[in-house]
Protein chains: 2
Amino acid sequence: MAIPRAAKTLRRTRIQEEKEEQILEAALDVFSVSGFRGSTIDQIAEVAGMSKPNLLYYFRTKEAMHRALIDRVLYNWLEPLRAFDAEGNPESEIRSYIRRKLEMARDFPRESRLFANEMLQGAPHVLDMLKGPLKELVDEKAAVIRTWIKSGKIAYCDPYHLIFSIWSTTQHYADFDVQVRAVLGEEHSGDGRFEDAARFLEQLFIGGLRPDRSGS
Amino acid sequence: MAIPRAAKTLRRTRIQEEKEEQILEAALDVFSVSGFRGSTIDQIAEVAGMSKPNLLYYFRTKEAMHRALIDRVLYNWLEPLRAFDAEGNPESEIRSYIRRKLEMARDFPRESRLFANEMLQGAPHVLDMLKGPLKELVDEKAAVIRTWIKSGKIAYCDPYHLIFSIWSTTQHYADFDVQVRAVLGEEHSGDGRFEDAARFLEQLFIGGLRPDRSGS
DNA sequence: AGATAATTTGACCGATTGGTAAACATTACA
DNA sequence: TGTAATGTTTACCAATCGGTCAAATTATCT
């Protein structure tokens, strides 16, 4: 007789680790494209190469699968912002934050789209995290930016909207990838577009935040 | 006997106009949140306040409803970019383009999310439009921006990524509204945040594109 | 090897899905 | 006002949905 699923977390088998990994990988494929409501367990089972009841042996419900996936993805997703350092000089900090976020958009586009899907639906599964830990982290980094402003290292600006604009411009290359490719055409759709984007965004943000003669 | 639906477009009744309007309004509500796959005809019927077979009297399939909705929304959605004028001076053109796009994010957030959902899913219903009319329009405006660069009115930059960054920063306030509200907190979630965003984005883009001493 | 625990699957369930058929109700127009 | 076209609803369909169950299979450990 199989162990009740509640006890599974006590001792994890090799097979459990592998299969749960395999399932979440497939779930990321599916959820990131169709969102929670639009995805089906059968789709995920097919991508994972296992039967539907087998998925449900490891995750009791579709909700549980989605929650596990979000949990695993979220921590890494905020890593670049956490690395945002008060000690470094503003220009290089902003530059490397843009770089890091662009690298994530390039290397983990499914994670970005999973998150975007969740936002579009009103964040039903992560609203508490947005209002809690995320807000606290952003508040902290906004305070750092404000010290840079007060010491005259960068132009006066709203630090929250600065962070929003770095998020949106970088994630755009993951979430709207299909549009970017269509507009740039086949010839400019290679990985080179990320280097072009990085150059442009660095110029935009460094120039736009230059302390002297900035703003209207 | 009811007229076959193919003939309906020949002469449109008052009731047809009203009901189709009513249905597309409800469809926008539902599709913009859950995407195509995640939305059901029953949901739309409930929002529209009519029975499911009644919806299907006006639109034969869920696909037809979605297509009609996209068609109606797309033209207006590109209006701000179309208004982008080569004659005006760069600073005021960019300024007013940002303004217009932000106003659309504020006044038509569902339209923005409908479009975002479509992009996340790989644009299955609008890919041809992206590669055709949209690309042509963007190519045209990119050429305008390039003349500004060559005449030294704005700094050298990639015009495509400039357009992408205006799209992403402005649409962010519609698509990620729930995140913006959560991070800013209840006190700053009023309509004032759009004015703050406008001020910040104008400063960012005007400063970032200033011709002298720009770039790294 | 044998026993026991862990894993996998086929068959199945009730609910929901997109969509249909036909009866019924309403409107527009002569 | 009559009647034909238009509009609406009830009842229903096959397919798919999330999820269960028991039987069959495989891994683990002594």
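Reminder, nothing fancy here: chain letters follow the sequence lines and each chain counts from 1.
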Does the side chain of [X] get closer than 4.0 angstrom to OP1 or OP2 of [N] through an N or O atom?
X     : N     : result
A:Y58 : C:dT8 : yes
A:Y57 : C:dT8 : no
A:S51 : C:dT8 : no
B:N54 : D:dT9 : yes

Describe the nucleic acid contact of B:K19 in one word from base, sugar-phosphate, nothing, applying a heavy-atom distance below 4.0 Å.
sugar-phosphate
Can I get a per-line list of side-chain donor-acceptor pairs under 3.5 Å for residues 117-132 of chain A, giving both atom names and the distance, sequence neighbours left out?
| unit_1 | atom_1 | unit_2 | atom_2 | d |
| --- | --- | --- | --- | --- |
| A:N117 | ND2 | A:S32 | O | 3.0 |
| A:E118 | OE1 | A:H125 | ND1 | 3.2 |
| A:E118 | OE2 | A:H125 | N | 2.6 |
| A:E118 | OE2 | A:H125 | ND1 | 3.2 |

Do the non-hydrogen side-chain atoms of A:F176 and B:S168 ever get within less than 4.5 Å of each other?
no
How close or far is atom [atom2] of [N] from atom [atom1] of [X], stated in whole angstroms?
X     : N      : atom1 : atom2 : value
A:M65 : D:dG18 : CE    : P     : 10 Å
A:H66 : D:dG19 : NE2   : C1'   : 18 Å
B:F31 : C:dG18 : CZ    : C1'   : 12 Å
B:K52 : D:dC12 : NZ    : P     : 14 Å
B:L56 : C:dA21 : CG    : P     : 12 Å
B:Q16 : C:dT27 : CD    : C1'   : 12 Å
B:E63 : C:dT17 : CD    : P     : 17 Å
B:M50 : D:dT10 : CE    : P     : 13 Å

In chain order, what residues pass the side-chain contact (heavy atoms from CB on, under 4.5 Å) check against A:P80, with sequence neighbours excluded?
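Scan of A:P80 (side-chain contact (heavy atoms from CB on, under 4.5 Å), adjacent residues dropped) gives A:Y97, A:R100, A:K101, A:M104.
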Partners passing side-chain contact (heavy atoms from CB on, under 4.5 Å) against B:E79 (at least two apart in sequence or in another chain)
B:Y75, B:R82
Name all residues meeting the ring pair (Phe, Tyr, Trp, His ring centres under 6.0 Å) criterion together with A:Y160; count only those two or more places apart in sequence or in a different chain, and write none if there are none.
none
With sequence neighbours left out, write down each residue that passes ring pair (Phe, Tyr, Trp, His ring centres under 6.0 Å) with B:Y173, or none if nothing qualifies.
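If we apply the ring pair (Phe, Tyr, Trp, His ring centres under 6.0 Å) test to B:Y173, skipping adjacent residues, the hits are A:H161.
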Contact nearer the 5' end of DNA chain C, comparing A:L55 with A:R37
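Nearest-nucleotide comparison on DNA chain C picks A:L55.
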Could you work out how much the helix from C:dA1-D:dT30 to C:dA30-D:dT1 bends, comparing the axis of its first five pairs with that of its last five, to 10°?
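That helix has its two terminal axes inclined by roughly 20°.
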Decide, yes or no, whether a salt bridge links A:R199 with B:D158 under the criterion of side-chain N to carboxylate O below 4.0 Å.
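No, no charged N to carboxylate O under 4.0 Å.
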State whether B:R193 and B:D196 are salt-bridged, where the test is any N-O pair (Lys NZ or Arg NE/NH1/NH2 against Asp/Glu carboxylate O) under 4.0 Å.
no
In residues 39-47 of chain A, what donor-acceptor pairs under 3.5 Å come from side-chain atoms, sequence neighbours left out?
| unit_1 | atom_1 | unit_2 | atom_2 | d |
| --- | --- | --- | --- | --- |
| A:S39 | OG | A:V30 | O | 3.4 |
| A:S39 | OG | A:G35 | O | 2.5 |
| A:T40 | OG1 | A:Q43 | N | 3.1 |
| A:Q43 | OE1 | A:T40 | N | 3.1 |

When you measure from every atom of DNA chain C, which of residues 40-48 of chain B have a heavy atom less than 4.0 Å away?
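Those residues are B:T40, B:I41, B:D42.
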Can you tell me which residue pairs pass the side-chain hydrogen bond (donor to acceptor under 3.5 Å, both in side chains) test with a partner in residues 63-72 of chain B, sequence neighbours excluded?
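Qualifying pairs, neighbours excluded: B:E21-B:R72.
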hbond_proxy A:K62 side chain to D:dG19 base (donor-acceptor, 3.5 Å cutoff):
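Flag unset: no donor-acceptor pair detected.
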